[in-house]
Amino acid sequence: MRLSRLFAPTLREDPAEAEAPSHRLLLRAGFIRQVAAGIYTTLPLGLRIVRRIEAIVREEMDASGAQEIRMPITLPAEPWKATGRWQLYGDLLFRLTDRHGRELLLGPTQEEVVTPLVAGELPSYRDLPVNLYQIEWKYRDEFRPRYGLLRGREFLMKDAYSFDRDVENMRGSYQLMFDAYRRVFDRCGLRYVIVEADPGQIGGGVNHEFMARAEVGEDLFVECENGDYLADTEAATPRPPEPADRSDLAPLEVLDTPGTPTIEALASLLAIPEERTLKCILFEAGGATLAVLVPGDREVNEPKLERLFFPTPVRRFEDEDFARHGFVKGYVGPQGLAGDAVVLADHSVLGGKDWVTGANEADRHVSGANAGRDFRVDRFEDLARIREGDRCPVDGGVLRIGRSIVVGHIYQLGTKYSEPLEATFIDEDGGARPYEMGCYGIGISRIVAAAAEQHHDDAGLVWPKALAPFQAVVILANHDDERARTEAERIYEELRQLGVEALLDDREVRGGVKFADSDLIGYPVQVVVGKKGVATGTADLKLRSTGERSSAPLAQVAQAALDLLGAAP
RNA sequence: CGGGGCGUAGCGCAGCCUGGUAGCGCACCUGCUUUGGGAGCAGGAGGCCGGCGGUUCGAAUCCGCCCGCCCCGACCA
């Protein structure tokens with residue numbers, strides 16, 4: 001390909017709307033252009049990256065026995081009502097109505113399509129297992145699209161769905177995907193971690209997230225300093241602290257604490273650290289009142305709480321709830337709670353004593369409150385949001401929080417979709433059973449962004465060769481020098497003969513522009529053919545990843561470039 | 001959805017406070033000179049100033065409503 005003919009509009013300046021490095025560089029280097037919030041056109045260079053990722057994904061999926069299909073994006077609402085997701089997904093769904101008034105949606109994933117498909121066509125246990133996948137656009141009307149390709153409203157995803165006759169076989173299918181995913185992300189050159197993740201509100205099965213490390217990542221994970229524990233922050237369970245020594249407890253006293261409805265104000269007034277206070281957060285679950293206790297400097301992990309009571313919905317007290325139940329917001333304490341309230345405490349509460357907490361009347365707190373003596377705890381559970389410095393549940397090491405981009409997520413679904421959709425097969429014993437399903441997603445367009453986040457420097461992108469849009473660029477440094485032009489053409493042809501996907505920068509612009517663009521676009525190897533070099537019979541090479549330069553005789557440049565490519569990451 | 005910011009030429013911005021009919025840099029076109037890390041000079045083209053309405057003799061500028069985009073946060077793969 002000749003750059004003079006390639007639609008690759010680079011920008012000299014940073015686009016104002018882009019903040020994240022991947023977003024900024026993908027725009028600047030001419031890989032994508034924005035059409036609307038979270039919706040992008042992929043330009044030739046960007047599409048070449050997408051194609052490479054797709055090829056890797058297809059190879060590994062096919063090698064695992066999965067079969068590619070293509071399902072529609074425009075979907076009827078009925079199956080989504082059957083599984084409850086028409087309601088559950090709420091505003092996240094792009095909905096439309098056709099001319100006859102029928103309700104449709106743009107698919108955010110395709111369980112509701114693939115499950116009836118398989119149910120209709122594979123009625124026997126003899127037909128199983130089967131794993132069907134596709135690479136297709138997905139639509140989610142995100143609250144807040146951001147960071148370019150990282151959180152789009154339209155994005156390219158590989159989604160696969162496995163169908164098995166029983167749980168054991170389903171786990172086997174899951175493991176195949178787990179292994180395939182590792183190969184995919186390894187080949188894409190991503191630095192990533194695999195964590196067991198939050199199963200989500202619908203609860204249930206095992207699932208793993210493949211998280212590419214990145215500064216701008218929206219998903220947090222925790223890892224032990226000793227490398228023996230990894231988890232999603234919402235699923236992480238830290239080691240509880242040593243119980244406090246309770247041999248010498250302070251008496252319970254009531255304190256006047258005017259104007260201190262927040263922990264911050266209270267700690268400030270009493271001149272005590274926030275962790276000496278006890279936070280008592282009220283929730284309502286199925287008509288019952290829940291009081292959740294955490295140390296004042298911690299937050300309640302509401303997803304964990306919800307999971308504890310699933311499927312009963314849990315919601316935080318609103319202002320009118322406080323009034324109705326006779327609580328004073330900002331001054332709630334666990335002592336003297338009615339017997340019908342369930343008192344839950346995070347394990348970290350064990351590590352403290354003589355708490356300062358609400359007195360259940362306005363502008364009053366108590367000090368010296370102790371579990372068992374002054375208030376009861378019905379259950380100790382893991383309910384506090386984890387934070388940096390908490391202890392590893394495996395070896396007690398210090399936990400750190402990392403940021404990441406979720407590039408893959410695999411789930412053991414079980415019969416979550418097959419049951420409501422009445423997707424059954426006839427088992428060996430003649431009985432009808434719902435399929436045991438798994439689903440497996442890879443964010444293709446997200447990998448483009450994640451790779452860009454991980455592989456860039458001040459000058460631009462630095463693609464690993466497995467993803468690079470072209471493996472090498474031949475830069476004609478002096479476009480009006482005939483000999484240089486002839487040599488550049490020849491070297492470009494020779495590279496192609498050697499099987500290198502090369503690009504010839506034959507544009508009629510100054511060398512400096514070409515060098516800057518080459519660094520910006522991020523080809524792994526640059527070959528510079530110019531007047532000076534040609535006069536002495538040489539051309540120059542540069543490895544983008546290290547900036548290392550070398551030169552080689554014109555006759556050997558192509559081979560030298562190939563060798564250099566071999567050394568490129 | 002709450003909070004904040006921004007919409008002026010393809011891109012990045014100034015002008016707005018203090019109304020008088022639009023400017024700078026880059027990119028683009030022509031010519032000359034240049035030509036190995038985003039060239040110089042000269043000339044040129046390009047904008048219903050996000051939209052609608054209002055105030056005014058006159059609105060990019062003041063007022064109202066709407067739309068779009070970005071950032072932070074709600075908790076979403």
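A, B, ... follow the sequence lines: proteins, then strands. Residue 1 opens every chain. All figures in this text were calculated on a predicted structure; none of them were measured in a lab.
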*Asks:* Taking side-chain hydrogen bond (donor to acceptor under 3.5 Å, both in side chains) as the test, write out the residues that go with A/Lys531, two or more places apart.
*Replies:*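 A/Lys531: no side-chain hydrogen bond (donor to acceptor under 3.5 Å, both in side chains) contacts found.
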*Asks:* What does the list of N/O pairs under 3.5 Å between the protein and nucleotides 41-45 of chain B look like, with a distance for each?
*Replies:*
none

*Asks:* Within 45 degrees of the axis of the six-membered ring of A/Trp86 and under 6.0 Å from its centre: does A/Arg95 put its NZ or CZ there?
*Replies:* yes
*Asks:* Are any of the side-chain nitrogens in A/Lys542 or A/Glu548 under 4.0 Å away from the carboxylate oxygens of its partner?
*Replies:*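 Looking at A/Lys542 and A/Glu548, the cut-off is not met.
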*Asks:* Expressed in angstrom and rounded to an integer, what is the separation of A/Glu142 atom CD from B/rA77 atom P?
*Replies:* 8 Å
*Asks:* Does a salt bridge link A/Asp517 with A/Arg12, judged by any charged N lying under 4.0 Å from a carboxylate O?
*Replies:*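 Salt bridge between A/Asp517 and A/Arg12, a charged N being under 4.0 Å from a carboxylate O: no.
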*Asks:* Measuring from the side chain of A/Ala16 (C-beta onward, heavy atoms only), which nucleotide among B/rG38, B/rG36, B/rG12 has the closest atom?
*Replies:*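 Ranking B/rG38, B/rG36, B/rG12 by closest atom to the A/Ala16 side chain puts B/rG12 first.
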*Asks:* If we take the P atom in both B/rU55 and B/rA60, what is their distance in whole Å?
*Replies:*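 Pairwise P distance, B/rU55 against B/rA60, rounds to 16 Å.
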*Asks:* Across the strands shown, which category fits A/Tyr147 at heavy-atom distances under 4.0 angstrom: base, sugar-phosphate, nothing?
*Replies:*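 Here A/Tyr147 touches the backbone only, sparing every base.
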*Asks:* B/rC24 and B/rC62: how far apart are their C1' atoms, nearest whole angstrom?
*Replies:*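 My reading of the C1' atoms in B/rC24 and B/rC62 gives 26 Å.
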*Asks:* If the threshold is 4.0 Å, N to carboxylate O, is there a salt bridge linking A/Arg151 and A/Glu142?
*Replies:* yes
*Asks:* Between B/rG68 atom P and A/Glu17 atom CD, what is the distance in whole Å?
*Replies:* 16 Å
*Asks:* Can you tell me, in whole Å, how much space there is between the C1' of B/rU33 and that of B/rC16?
*Replies:* 42 Å
*Asks:* Identify whether any heavy atom of A/Pro15 sits under 4.0 Å from a base atom; if not, whether one sits that close to sugar-phosphate; answer base, sugar-phosphate or nothing.
*Replies:* sugar-phosphate
*Asks:* Counting side-chain heavy atoms from CB outward, which of B/rA74, B/rA77, B/rG36 is closest to A/Lys532?
*Replies:*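 Side chain of A/Lys532 sits closest to B/rG36.
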*Asks:* Establish, yes or no, whether the cationic atom of A/Arg85 lies under 6.0 Å from the six-membered ring centre of A/Tyr89 and within 45° of the ring axis.
*Replies:* yes
*Asks:* Nearest to the side chain of A/Leu11, heavy atoms from C-beta on, is which of B/rC11, B/rG36, B/rA77?
*Replies:* B/rC11
*Asks:* Checking base pairs now: Watson-Crick or wobble, both atom distances under 3.5 Å. What partners B/rC1?
*Replies:* B/rG73
*Asks:* In terms of side-chain heavy atoms of A/Glu19, which of B/rC71, B/rA77, B/rG36 is nearest?
*Replies:*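 Selected nucleotide: B/rC71.
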*Asks:* How far does the C1' atom of B/rG25 sit from the matching atom of B/rG15, given to the nearest Å?
*Replies:* 15 Å
*Asks:* Please determine, for the side chain of A/His409, which listed nucleotide (B/rA77, B/rA27, B/rC71) has the closest atom?
*Replies:* B/rA77
*Asks:* Got a list of protein N/O to nucleotides 33-35 of chain B N/O distances below 3.5 Å?
*Replies:*
unit_1	atom_1	unit_2	atom_2	d
B/rU34	O2	A/Arg510	NH1	2.8
B/rU35	O2'	A/Asn478	ND2	3.1
B/rU35	N3	A/Asp480	OD2	3.3
B/rU35	O4	A/Asp480	OD2	2.8

*Asks:* Could you please name the option among B/rG12, B/rC70, B/rG38 that lies closest to any side-chain atom of A/Leu520?
*Replies:*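 Nearest listed nucleotide: B/rG38.
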*Asks:* Could you give the distance separating B/rG47 and B/rG5 at their P atoms, to the nearest angstrom?
*Replies:* 32 Å
*Asks:* Who is the Watson-Crick or G-U wobble partner of B/rC65, with both distances under 3.5 Å?
*Replies:*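 Here B/rC65 is engaged in a pair, and the nucleotide opposite it is B/rG51.
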*Asks:* Using a heavy-atom cut-off of under 4.0 Å over every strand shown, decide if A/Leu150 touches base, sugar-phosphate, or nothing.
*Replies:*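 Base contact - A/Leu150 has a heavy atom under 4.0 Å of at least one base atom.
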*Asks:* Look at all strands and tell whether A/Asp540 reaches a base, only sugar-phosphate, or nothing, counting heavy atoms closer than 4.0 Å.
*Replies:*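 The residue A/Asp540 makes base contact.
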*Asks:* Applying a 4.0 Å non-hydrogen cut-off, can you work out what A/Arg28 is touching in the nucleic acid: base, sugar-phosphate, or nothing?
*Replies:* base
*Asks:* Given side chains that start at C-beta, do those of A/Glu302 and A/Val314 come closer than 4.5 Å, heavy atoms only?
*Replies:* no
*Asks:* Taking atom P in both B/rC72 and B/rU56, what distance in whole Å separates the two?
*Replies:* 43 Å
*Asks:* If I take atom CZ in residue A/Phe7 and atom P in nucleotide B/rG10, what distance separates them, rounded to the nearest angstrom?
*Replies:* 15 Å
*Asks:* I'd like to know if A/Arg316 pairs up with A/Glu284 as an ion pair, taking the criterion as any Lys NZ or Arg NE/NH1/NH2 lying under 4.0 Å from an Asp or Glu carboxylate oxygen.
*Replies:*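 No.
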*Asks:* Between the base of B/rG12 and the side chain of A/Asp14, is there a donor and acceptor pair under 3.5 angstrom?
*Replies:* no
*Asks:* What is the pairing partner of B/rC24, taking Watson-Crick or G-U wobble pairs with both distances under 3.5 Å in any strand?
*Replies:*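 Looking at the geometry, B/rC24 pairs with B/rG12.
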*Asks:* Write down the distance separating the C1' atoms in B/rG54 and B/rA9, rounded off to the nearest Å.
*Replies:*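 Per the computed distance, 29 Å lies between those C1' atoms.
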*Asks:* Watson-Crick or G-U wobble partner for B/rA39, using a 3.5 Å limit on both distances?
*Replies:* B/rU33
*Asks:* Is A/Arg58 salt-bridged to A/Glu54, going by a charged N under 4.0 Å from an acidic O?
*Replies:* yes
*Asks:* Without decimals, in angstroms, what is the distance between A/Gln110 CD and B/rA77 P?
*Replies:* 16 Å
*Asks:* Kindly say whether the aromatic ring centers of A/Trp463 and A/Phe31 come within a distance under 6.0 Å.
*Replies:* yes
*Asks:* Starting at the 5' end of RNA chain B, which residue's closest nucleotide do you reach first, A/Asp219 or A/Lys542?
*Replies:* A/Lys542
*Asks:* On the side chain of A/Arg549, is there an atom forming a donor-acceptor pair with the base of B/rG37 - under 3.5 Å, no angle test?
*Replies:* yes
*Asks:* Please pick, from B/rC70, B/rC71, B/rC75, the nucleotide with the shortest atom-to-atom distance to any side-chain atom of A/Arg385.
*Replies:* B/rC75
*Asks:* Over how many whole Å does the gap from A/Glu508 atom CD to B/rA39 atom C1' extend?
*Replies:*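 Taking CD of A/Glu508 and C1' of B/rA39, I get 16 Å after rounding.
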*Asks:* Quick one: A/Glu13 CD to B/rC13 P, roughly how many Å, whole number?
*Replies:*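 Between P of B/rC13 and CD of A/Glu13: 8 Å.
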*Asks:* Take atom CZ of A/Arg146 and atom P of B/rC1, then tell me their distance rounded to the nearest Å.
*Replies:* 17 Å
*Asks:* Determine the contact category for A/Gly441: base if any of its heavy atoms lies under 4.0 Å from a base atom, sugar-phosphate if only primed atoms, P, OP1 or OP2 are that close, otherwise nothing.
*Replies:*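 Touches nothing.
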*Asks:* If you draw a 6.0 Å radius around CD in A/Glu264, do more than 12 non-hydrogen atoms from other residues or ligands fall strictly inside?
*Replies:* no
*Asks:* Between A/Arg446 and A/His23, who's closer to the 5' end of RNA chain B by nearest nucleotide?
*Replies:*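 Looking at RNA chain B, the more 5' nearest nucleotide goes with A/His23.
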*Asks:* Quick one: are the ring centres of A/Phe210 and A/His208 less than 6.0 Å apart?
*Replies:* no
*Asks:* Does A/Gln34 make a side-chain N or O approach to OP1 or OP2 of B/rC70 shorter than 4.0 Å?
*Replies:* yes
*Asks:* What's A/Glu302 touching, base or sugar-phosphate or nothing? Going by heavy atoms closer than 4.0 Å.
*Replies:* nothing
*Asks:* Which nucleotide in the list B/rG38, B/rC70, B/rC76 gets nearest to the side chain of A/Arg12?
*Replies:*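 Side chain of A/Arg12 sits closest to B/rG38.
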*Asks:* Rounding to the closest angstrom, what is the interatomic distance between B/rG68 and B/rU8 at atom C1'?
*Replies:* 15 Å
